[in-house]
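First comes the structure, then the notes that go with it.
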Amino acid sequence: MTCQKTSHTFTKIAFKPLHTNLFNIVLLSFFLTLGCGKLYSQEIKSKKNALPAVKQTDKPVKTVVDTIKLDTVKPKKTFLDGKVKYRAKDYAKIDQKNKTITLYNEAELYYKDVELKSGIIVLNYEKDEVYAGRIKDSAGVLTQFPNFKQGGSEVQPDSIRFNFKTKKALIYNSRTEQGEFKIKAAVTKKENDSVYFLKGARFTTSADIDNPEYYFQTNKVKFIPGKKVVTGLTNMVIADVPTPLALPFAYFPMSQEKSVSGIIIPSYNDSNTRGFSLQNGGYYFALSDNYDLTVLGDYYTNGSYAMRFESAYAKRYNYRGNLNVRFENLINSERGYPDYSKQNIYNIQWSHSKDTKSNPNSSFSASVNMGSSKYFKQSINQANVGSNLNNTLSSSISYNKTFNTIPGARIALTATHSQNTQTEEIQMTLPSLQGSIDRVYPFVGKDGVKKGFIKNINLQYNVTGQNKFVTTDSLFFKPQMFRDAQIGLQQSIPISTNFKIFKYFSAGASTNYQETWVTKTIEKNYDSSKNEVVTQTVNGFDTYRTYNFSTNLGTTIYGTFNFGDDKKIQSIRHVMRPSITYAYTPSFEKYYDNYYVDASGRVSNSYSRFDGSVYGAPSKENSNIVGLALSNTFEAKVRDRDSTKTEPKKIMLLNNLNFSTSYNFNADGKDILAWQPVLVSGGTQLLDNKMNVNFGATLDPYAIDNSGKRMNVYNIDNGGSLFRMTSANLTLNYSFSNKGVKEENKQSERNGGRKDDLFGTNTDLNDSRNSQFAKEKDDGEDVITEFFNSKIPWDMTMAYSLTYSNVNRESKITGNSIMVSINMDITPKWKGGVSTGYDFVQKGVTFTQFRFERDLLSWRMAFNWTPLGPNSNWNFFIGIKSGVLSDIKWNKRSTSNR
């Protein structure tokens, strides 16, 4: 019997024995006619033959009670205990004799957690088995591979046979994915839901499982999905060519968890100064879902070693960060040789950020990069060129808290660190305190309107405190560093107001009272026996108080030059913002003392006991200064190239052009001159905002004598021009590309480098699987032809710097250099790049790096070379990109000359 339906649901139903009456016979015939299943038993057949004849009569029908006893034999349990859904594009055929259901062409079958799709599916509901295979298309090609899913496991074989009751399966040419692994086996035997046995298997991380560029071949495999793979003799095959790389057995963890603990295989290297080495070996600890730990180490045969501890942590909607601690014990050459040396260097990096959603009223953040000043220059395991060329390491840890009071208040605790890697000087605050109370307007009425001089009067309270250290690398965190600490606290109450004058002028006035507390002062005395001035530190609380007054007046002037709507440049808009400020600070001479230098009572220059304190000493001379400033912006309206647009296009000609100077009324004309040099600065963006241009200059109105000292004579009165240019600078930054937007190198910047690659790219020697070329954010897909001649992707970054100096009439260029970095996709699989520069003053090539990379699909090959300078080195890497097989690599590099 055949049931021609394209979609059908079949449910096995268990029937109890039927009574021998006409209704049972009609019902049974109806089901048989539909052909939707075999629903009768031998017992029903025997009762059907024994039914009495029923005659038609006019008399009322008398109900006859069946006296046959019910069969005591229990009915056979159904072969399936759930609903089976199936469908097929061509037909679904039910064969009651062989107890099978055949589905043909785009067949689908669903039962509990089993999903099966294939070209043909045969369900044997008596044996509780299902078979699936491929079918031939019109060209005779086998298509529609089976796709078998059960729970989280998925298999794509050529054919499969599965038993619903025992859960066992026999799979031919199976294809499955487990994490980053893709596995293909000639024959797969499924014992149960968690154990598979494979014969003639290959596994790889290649995207194409049927034609991989490499794979591992083995004949015996025990596979536990989501947990592990255990194999027998395993041989590595590259491009279908067996290699001599083989293992008698292999174990691959395949946990469904985000990460699992495991050994990190070290890499071999050698050095002329340190001997043979094993590098970057260690262990990865997957401690929890919120944090982990990686322990890495290096060892050289001359005794050098290094240790690194790296941890990343995160809690969703709360915080995230990472911590890196690195220590290296460096030994050069061998003991007894003249070039023998030994030193310890270290580096600590910590970054932490808090999710603002967790608590909007408080925040905690950290960005730490501190350690030995020579770490990035001498490290045997860091090729961070940007950090090596940078002369400053800095750190900051801060906690901020806002109090929802009236008036509002906020407090911040910050620890800062600044380190000059050339001078090895370290400045550190541990910690500093900043607190403030929001502005209070005491004269504002209930309407809340702040208008006029009186109503705009406001006051505020600020407090700052510092525990400051100034030390060097050799004394860092030594007892002397803490003995030399400077501790102080400063409180201030600023009072200010602002108002309008003659409608167009904005005026303001302010005064500030400040009180400073310190815990250390100094005392100076003349020691006649030594014939020198002796300075002693006095421990104890001391304080001084200062105050000042300032006012300002400013306005905004707009000017427009119209050239006509028919012109290409229709108009230019000029905005000027002139301002004048006046500041007065009285003399605080009472905080200054004198000391005697001989018996006659001759007095030396006075000093303040607060000299060298954390906030310095108050001013001995009063300050009476007027400041002048003028800022300008220029904007043009031009006719748009698009003729369909009616509105002109706005172009910024100059983002800013600023002039500033000041006049000191207390100048004596000898040591202090009245006018300060005029400072000029400006900037703009050109070429569709891709080029940033910044310039500056210092213009001095005074002349200088033969020794280069400024005289109280204007330069124009000394036979010169109105101003004497003492210095000038110009910087250009240009970045352009025919690719997408390049991602910034945040790791390089965090280590003290640059976001761009003008100093070359940083090489992570711990993990070279990542590309040394920054990824691009695609703005659109570019179609590249087979011959790769339609478009060659590239990007370029350029920086130019020019510095002029004329302080002592030298009138020369002191700095003139250019840096360029270019990256290019030479072919679809080859990438190349170069970072270099030229110093026109020193007439030499600056830092230069060449880099190349080959995309080998599942593999990556990279080479970078720094040919010049103390950082000259090269590095070659080839290995598998996947993190699962990251230990399968070959990395060879030279050591730098540092």
Side-chain angles (χ1 to χ4, degrees), residues 1-16 27-45 48 74-137 140 142-151 153-174 187-193:
M1 184 179 297
T2 301
C3 180
Q4 299 287 345
K5 302 182 79 173
T6 60
S7 178
H8 191 69
T9 300
F10 174 78
T11 306
K12 181 69 177 176
I13 306 174
F15 284 87
K16 295 181 179 179
L27 182 62
L28 180 60
S29 302
F30 175 76
F31 275 95
L32 291 175
T33 304
L34 288 178
C36 295
K38 183 176 180 182
L39 305 174
Y40 54 91
S41 64
Q42 295 298 330
E43 180 187 0
I44 298 177
K45 284 184 178 182
K48 179 179 177 182
K74 292 184 179 180
K76 186 178 181 181
K77 186 178 180 180
T78 59
F79 80 99
L80 295 176
D81 54 358
K83 182 180 290 186
V84 177
K85 296 182 179 180
Y86 60 83
R87 66 174 59 91
K89 183 177 181 180
D90 284 3
Y91 63 80
K93 178 181 178 182
I94 299 178
D95 188 342
Q96 295 193 37
K97 180 179 180 181
N98 296 316
K99 302 177 180 63
T100 61
I101 300 176
T102 303
L103 312 175
Y104 191 81
N105 197 6
E106 297 183 11
E108 299 179 18
L109 185 143
Y110 303 91
Y111 172 70
K112 287 190 175 180
D113 63 340
V114 174
E115 297 182 14
L116 181 59
K117 298 179 181 179
S118 183
I120 182 171
I121 298 176
V122 178
L123 172 65
N124 190 315
Y125 52 82
E126 183 178 54
K127 295 181 180 179
D128 303 342
E129 288 184 355
V130 64
Y131 166 82
R134 300 165 293 172
I135 61 174
K136 292 184 179 181
D137 60 10
L142 292 172
T143 60
Q144 299 186 30
F145 286 76
N147 186 291
F148 178 83
K149 290 184 181 180
Q150 185 178 21
S153 300
E154 181 178 359
V155 182
Q156 295 177 337
D158 288 351
S159 61
I160 183 173
R161 192 174 72 186
F162 179 72
N163 189 288
F164 290 101
K165 184 177 293 184
T166 63
K167 304 296 182 181
K168 293 184 178 182
L170 197 60
I171 308 168
Y172 298 92
N173 287 334
S174 63
V187 180
T188 302
K189 183 179 180 182
K190 180 178 179 294
E191 286 292 312
N192 49 52
D193 291 342

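- Residues Ile171 and Val155 have side chains in contact (heavy-atom distance under 4.5 Å, counting atoms from C-beta outward).
- When all heavy atoms are compared, the tightest approach of Lys127 to Asn163 is O-ND2, 3.4 Å.
- The shortest heavy-atom contact between Leu142 and Phe145 is O-CE1, 4.4 Å.
- For the residue pair Gln144 / Asn105, a side-chain donor-acceptor distance below 3.5 Å is found, with atom types taken as modelled.
- Atom-to-atom distance recorded for Lys189:NZ and Glu191:CD is 4.5 Å, nearest 0.5 angstrom.
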* Verify side chain to side chain contact (heavy atoms under 4.5 Å, CB included) between Leu116 and Ile160, making sure each step is shown before the conclusion. => CA-CA 10 Å; Leu116 181 59; Ile160 183 173; 4.3 Å; yes
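- Contact annotation: the side chain of Phe164 never approaches that of Lys112 to less than 4.5 Å [non-hydrogen atoms, C-beta and beyond].
- Counting only distance, with no hydrogens or angles, the side chain of Lys190 and the backbone of Lys167 share a donor-acceptor pair below 3.5 Å.
- Between Lys117 and Glu115, none of the side-chain N atoms (NZ, or NE/NH1/NH2) sits under 4.0 Å from a carboxylate O, so this pair counts as no salt bridge.
- Rounded to the nearest 0.5 angstrom, Glu106 CD and Ile135 CD1 are separated by 8.0 Å.
- Atom CZ of Arg134 has more than 12 neighbouring heavy atoms from other residues, nucleotides or ligands inside a 6.0 Å radius.
- The side-chain heavy atoms of Lys149 and Tyr110, taken from C-beta on, include no pair separated by under 4.5 Å.
- Note that CG of Leu109 is 5.5 Å distant from CD1 of Ile121, once rounded to the nearest 0.5 Å.
- One distance of note links OH of Tyr131 with CG of Asn124; it measures 14.0 Å at 0.5 Å rounding.
- Proximity of Tyr86 to Leu123: side-chain heavy atoms (C-beta onward) are nowhere separated by under 4.5 Å.
- When atom types are taken as modelled, the side chain of Ser174 and the backbone of Pro157 share no donor-acceptor pair closer than 3.5 angstrom.
- Atom-to-atom distance recorded for Asn147:CG and Glu108:CD is 10.0 Å, nearest 0.5 angstrom.
- The shortest non-hydrogen separation linking Ala92 to Leu103 is CB-CD2, 3.5 Å.
- Between Tyr125 and Thr100 there is no side-chain heavy-atom pair separated by less than 4.5 Å.
- In terms of the side chain to side chain donor-acceptor pair (under 3.5 Å) criterion, Tyr104 has no residue partners (sequence neighbours excluded).
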